[in-house]
Amino acid sequence: MRTWPISLALIVLLGCSLNTGCDDEGGGNAGDLIGTWLRVKTLQVVNNVRKDTWTLTFEKDGTFLLLYQHTDNEEETPLAPMASRQGLYSVDSNGVITVEGDWLDMTSEVTALGDLDGNFFTFTQETMLLYDEARDLLFFGPDFHNGSIYMQSPEGTSRDGYTLLKNMGNAVYRREAHLVLSEGADATANVVEQRDEVYEYQISGADTCEGTYSYTITLNGTTNTSEGTMQGCTYTFDPNIMVEAPGGGQTPVEAVTFSYTMDSKAASDSFISLGEHYLSYYTGEQAKAIVEAAFVRID
């Protein structure tokens with residue numbers, strides 16, 4: 001196994017190219033977001049192709065709209081609407097985007113205002129974003145992590161959550177998520193889900209690492225909090241994995257998996273490279289990780 005580079009220069013945190021490395025423009029230019037973006041995931045199930053579609057529009061006035069649709073057969077038209085989010089967005093100089101506003105879950109039929117009870121939420125979320133060099137691909141995540149009640153299981157449909165792993169420089173990599181989701185219009189009451197998570201990996205040798213973690217997660221009224229040092233942290237690294245590329249064909253990427261024990265439980269996190277940063281993927285879905293996570297600019 002080749003050694004993952006230990007001496008890594010501090011780079012701009014926003015704007016890394018999928019194939020050619022970091023975009024020198026960098027910065028947190030919210031103007032690059034303006035327009036409409038499309039993300040599509042497909043899954044072959046017997047003779048049908050399940051299809052999940054996210055249409056994300058950022059307006060010049062600082063508002064956004066995200067519509068999620070699903071069908072169990074891609075021949076169905078139109079796609080059945082499943083959820084929508086809308087509200088305000090802002091981007092800071094480190095490439096962290098804050099989105100906040102309203103969430104309408106339409107998994108059950110909504111035909112009257114009274115049906116909104118239990119389907120309408122208020123949310124605030126801070127997350128990382130990355131572009132490719134041409135600013136035509138957008139990676140916007142994490143949406144929801146494993147364990148989230150708004151993150152479908154492997155048996156479910158959307159499975160839309162993924163993690164972006166920041167290269168912080170000096171062989172340090174970090175992923176984090178901050179989210180508050182409340183039932184109804186009052187953002188301070190009836191919290192359904194709240195997350196503050198930070199995981200950091202420090203490369204220390206040819207296959208060894210050191211890691212720290214901190215999280216406070218509230219789900220269905222139960223809060224779990226923990227922090228500490230990852231035990232037995234190791235990693236495997238492959239510098240040349242071929243995956244599907246947006247627009248067709250394949251592209252070479254690096255792949256890394258961290259393995260460790262946290263809170264007395266074994267865990268592992270797998271990523272493939274986006275320039276100097278990394279994108280998580282589910283076991284068995286490495287080949288389509290990029291094309292199914294990327295939002296493609298359509299307007």
Side-chain angles (χ1 to χ4, degrees), residues 11-41 51-70 78-79 81-104 106 121-144 150 158 160-167 176-181 187 245-247 251 274-279 289-299:
I11 64 169
V12 177
L13 295 180
L14 179 65
C16 286
S17 166
L18 194 59
N19 294 309
T20 59
C22 199
D23 181 349
D24 292 334
E25 182 180 343
N29 185 4
D32 290 323
L33 284 174
I34 294 171
T36 299
W37 306 78
L38 181 67
R39 177 184 171 203
V40 179
K41 291 188 68 173
K51 189 173 184 178
D52 295 284
T53 303
W54 295 262
T55 305
L56 176 60
T57 301
F58 293 100
E59 302 288 358
K60 294 180 180 180
D61 62 1
T63 61
F64 80 96
L65 173 65
L66 174 63
L67 177 65
Y68 165 61
Q69 297 170 294
H70 169 76
L79 297 174
M82 300 294 289
S84 66
R85 277 172 266 182
Q86 63 180 357
L88 304 175
Y89 73 94
S90 61
V91 183
D92 71 14
S93 60
N94 290 321
V96 173
I97 182 171
T98 298
V99 288
E100 57 184 336
D102 301 326
W103 178 305
L104 179 59
M106 296 178 284
F121 306 90
T122 302
F123 79 101
T124 299
Q125 182 179 358
E126 292 181 6
T127 187
M128 187 183 179
L129 59 85
L130 292 173
Y131 304 95
D132 72 336
E133 191 174 39
R135 295 301 209 244
D136 289 331
L137 296 179
L138 170 67
F139 297 89
F140 178 77
D143 194 350
F144 294 103
Y150 289 92
S158 64
D160 56 339
Y162 59 81
T163 299
L164 293 176
L165 183 68
K166 293 183 183 180
N167 178 346
E176 59 183 291
H178 305 280
L179 165 74
V180 179
L181 184 66
T251 186
L274 298 173
E276 292 292 334
H277 305 291
Y278 286 78
L279 169 72
I290 290 176
V291 296
E292 294 194 335
F295 283 91
V296 180
R297 183 184 290 279
I298 59 174
D299 182 24

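A quick note: this is a predicted structure, and the numbers were derived from the prediction, not measured.
Considering all non-hydrogen atoms of both residues, V291 and A245 come closest at CG1-C, 3.3 Å. Between Y162 and A293, the shortest heavy-atom contact is OH-O, 3.3 Å. Summarising the geometry of Y89 relative to T63, their closest heavy-atom pair is CE2-O, 3.2 Å, with the distance given to 0.1 Å. Between E292 and K41 the shortest heavy-atom distance is O-CG, 3.3 Å. Shortest non-hydrogen contact noted between N167 and E276 is CB-O, 3.1 Å.
The closest side-chain heavy-atom distance from F295 to Y131 is not below 4.5 Å. With contacts defined as side-chain heavy-atom distances shorter than 4.5 Å, the pair V96/K166 qualifies. Between L274 and L164 the shortest side-chain heavy-atom distance falls below 4.5 Å. Contact annotation: the side chain of D32 never approaches that of V91 to less than 4.5 Å [non-hydrogen atoms, C-beta and beyond]. In this structure the side chain of L137 never reaches within 4.5 angstrom of the side chain of I290, judged on heavy atoms. For the pair L130/L279, no side-chain contact is recorded, criterion being any heavy-atom separation below 4.5 Å from C-beta on. Taking 4.5 Å as the limit, some side-chain heavy atom of F123 sits within range of a side-chain heavy atom of V99. Looking at heavy atoms from C-beta onward, R85 lies in side-chain contact with F64 at the 4.5 angstrom threshold.
With values rounded to the nearest 0.5 angstrom, L67 atom CG is found 11.5 Å from W54 atom CH2. The CD1 atom of I97 lies 8.0 Å from the OG1 atom of T127; values are rounded to the nearest 0.5 Å. How far CZ of R297 is from CG of L33: 8.0 Å, rounded to the nearest 0.5 Å. Summarising the geometry, atom CG belonging to L129 is positioned 11.0 Å from atom CG belonging to N94; distances are rounded to the nearest 0.5 Å.
Looking at residues two or more places apart in sequence or on another chain, you find no side-chain hydrogen bond (donor to acceptor under 3.5 Å, both in side chains) involving D299.
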